[in-house]
Asker: 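Here it is: the structure, laid out below.
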2 protein chains.
Amino acid sequence: MTRVKESSSQNENKKALAAECMEIYAANIIGGQWTLAICCHLINGKLRFGELKKRLPWITERMLALQLKKMEKNRLIKRTVFAEVPLRVEYELTESGKGLQPVLKLLEEWGIKHLKSGNN
Amino acid sequence: MTRVKESSSQNENKKALAAECMEIYAANIIGGQWTLAICCHLINGKLRFGELKKRLPWITERMLALQLKKMEKNRLIKRTVFAEVPLRVEYELTESGKGLQPVLKLLEEWGIKHLKSGNN
DNA sequence: GGTCATACTTACAAAAGTTATAGTACCCTA
DNA sequence: TAGGGTACTATAACTTTTGTAAGTATGACC
């Protein structure tokens with residue numbers, strides 16, 4: 001009855017779950033520590049690396065760079081480099097990224113309700 | 001301009017983000033590796049520990065126990081113990097947990113669209 | 001008394017994710 | 001020649017999450 005594991009890594013489990021369940025696939029993509037925060041800021045338009053950094057005062061440059069790279073790979077954002085001096089790089093949501101807006105809205109509503117329901 | 005960090009832990013950052021942004025708060029709650037998978041199975045009704053284990057063949061007992069405990073703490077599920085022998089414990093979604101259904105649906109739809117858009 | 005089933009718990013280890021700190025490359029300006 | 005701004009990268013340390021394997025408590029059943 002119990003299926004035999006073919007691999008023991010965390011990653012394999014994650015992939016297997018995401019493969020058979022689209023909500024888990026989606027949750028994995030938006031689940032990074034800073035991913036949603038970045039989305040929230042980009043939803044009003046494109047921003048430069050330094051502007052994002054200012055808006056996320058607690059993030060380190062490394063994490064910002066890593067998250068942006070991951071989000072680009074996941075096709076949530078588009079990166080545009082302008083060959084100016086000093087260098088300018090702009091980040092903006094892709095169509096897919098913009099498509100998260102209703103998800104974010106629902107999540108927010110659920111979060112508010114959930115938080116309130118805990119104060120009884 | 002840059003706010004000063006009051007603590008250096010990962011957790012503090014997480015909390016700070018969740019406090020100022022409800023979608024991040026919500027994402028933190030549903031973001032565990034197995035949380036959504038468990039929700040998916042409980043959405044059709046209550047299940048026992050062992051039944052969940054069978055439905056999630058790759059999960060270890062430890063992870064299942066941990067996740068269920070966390071979900072109970074987060075008020076996503078309710079745990080009921082029946083003083084029988086052998087012991088019977090049932091898990092079911094709370095109202096808050098059931099409230100995730102539309103979120104899951106949207107996430108699923110977004111996931112499908114996103115996956116397709118990557119196959120170009 | 002020994003075995004079985006259920007629903008866990010514990011100790012330890014590995015992996016993934018995050019943070020801290022410093023440094024790079026580019027070219028402009030003084 | 002030195003300093004400054006932007007957008008990163010390198011390295012290592014640290015925290016959190018997940019996995020492995022074994023053990024516990026309860027009471028029925030043989």
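Naming convention: chains lettered A, B, ... in sequence-line order (proteins, then strands); numbering from 1 in each chain. Everything numeric here is computed off the predicted structure, so don't read it as measured data.
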Asker: Less than 4.0 angstrom from a charged side-chain N to a carboxylate O is my criterion; do A/E109 and A/K105 meet it?
Answerer: yes
Asker: Check whether more than 12 heavy atoms from other residues, nucleotides or ligands sit under 6.0 Å from atom NZ of A/K70, and answer yes or no.
Answerer: yes
Asker: I'd like to know if B/K53 pairs up with B/E61 as an ion pair, taking the criterion as any Lys NZ or Arg NE/NH1/NH2 lying under 4.0 Å from an Asp or Glu carboxylate oxygen.
Answerer: yes
Asker: For the pair made of CD in B/E51 and C1' in C/dA5, what is the distance, rounded to whole Å?
Answerer: 14 Å
Asker: So which protein N/O to nucleotides 8-14 of chain C N/O distances come out below 3.5 Å?
Answerer:
residue, atom, partner, partner atom, Å
C/dC8, OP1, B/R79, NE, 3.4
C/dC8, OP1, B/R79, NH2, 2.5
C/dC8, OP2, B/Y91, OH, 2.5
C/dC8, N4, B/E61, OE1, 2.1
C/dT9, OP2, B/K69, NZ, 3.1

Asker: State which residue, out of B/E90, B/E72, B/E92, fulfils the side-chain contact (heavy atoms from CB on, under 4.5 Å) condition with B/R79.
Answerer: B/E72
Asker: What is the distance from CG of A/L66 to C1' of D/dA7, rounded to the nearest Å?
Answerer: 14 Å
Asker: Whole angstroms only, please: what is the CG-P distance between B/L64 and C/dT6?
Answerer: 14 Å
Asker: Would you indicate, yes or no, if C/dA16 has its OP1 or OP2 atom less than 4.0 angstrom from a side-chain nitrogen or oxygen of A/N11?
Answerer: yes
Asker: Quickly work out the B/K54 NZ to C/dA5 P distance and round it to whole Å.
Answerer: 11 Å
Asker: Among D/dT20, C/dT19, D/dT18, find the nucleotide with the atom closest to the side chain of B/T60.
Answerer: D/dT20
Asker: With a 4.0 Å cutoff (strictly under), does any side-chain N or O of B/N13 reach OP1 or OP2 of C/dT18?
Answerer: no
Asker: Just the rounded figure in Å: distance from P of D/dT6 to CG of A/L47.
Answerer: 14 Å
Asker: To the nearest angstrom, how far is B/R88 atom CZ from C/dA7 atom C1'?
Answerer: 13 Å
Asker: Does C/dT6 have OP1 or OP2 sitting under 4.0 Å from an N or O in the side chain of B/R48?
Answerer: no
Asker: Should A/L47 and A/Y91 count as side-chain neighbours, where that means a heavy-atom distance under 4.5 Å?
Answerer: no
Asker: If you check the B/Q67 side chain, which of D/dT18, D/dT6, D/dG27 turns out closest?
Answerer: D/dT18
Asker: Is any side-chain heavy atom of A/L17 closer than 4.5 Å to a side-chain heavy atom of B/Q33?
Answerer: yes
Asker: Provide, to the nearest angstrom, the distance between the CD1 atom belonging to A/I24 and the P atom belonging to D/dT18.
Answerer: 12 Å
Asker: What's the closest nucleotide to the A/K14 side chain, out of D/dT18, C/dG17, D/dT6?
Answerer: C/dG17
Asker: How long is the line joining CD of A/E72 and P of D/dA7, in whole Å?
Answerer: 15 Å
Asker: Both A/M63 and B/K53 contact DNA chain C. Taking the nearest nucleotide for each, which residue is further toward the 5' end?
Answerer: B/K53
Asker: Can you tell whether the side chains of B/R48 and B/E51 come within less than 4.0 Å, N to carboxylate O?
Answerer: no
Asker: Please pick, from C/dA16, C/dT19, D/dG19, the nucleotide with the shortest atom-to-atom distance to any side-chain atom of B/W34.
Answerer: D/dG19
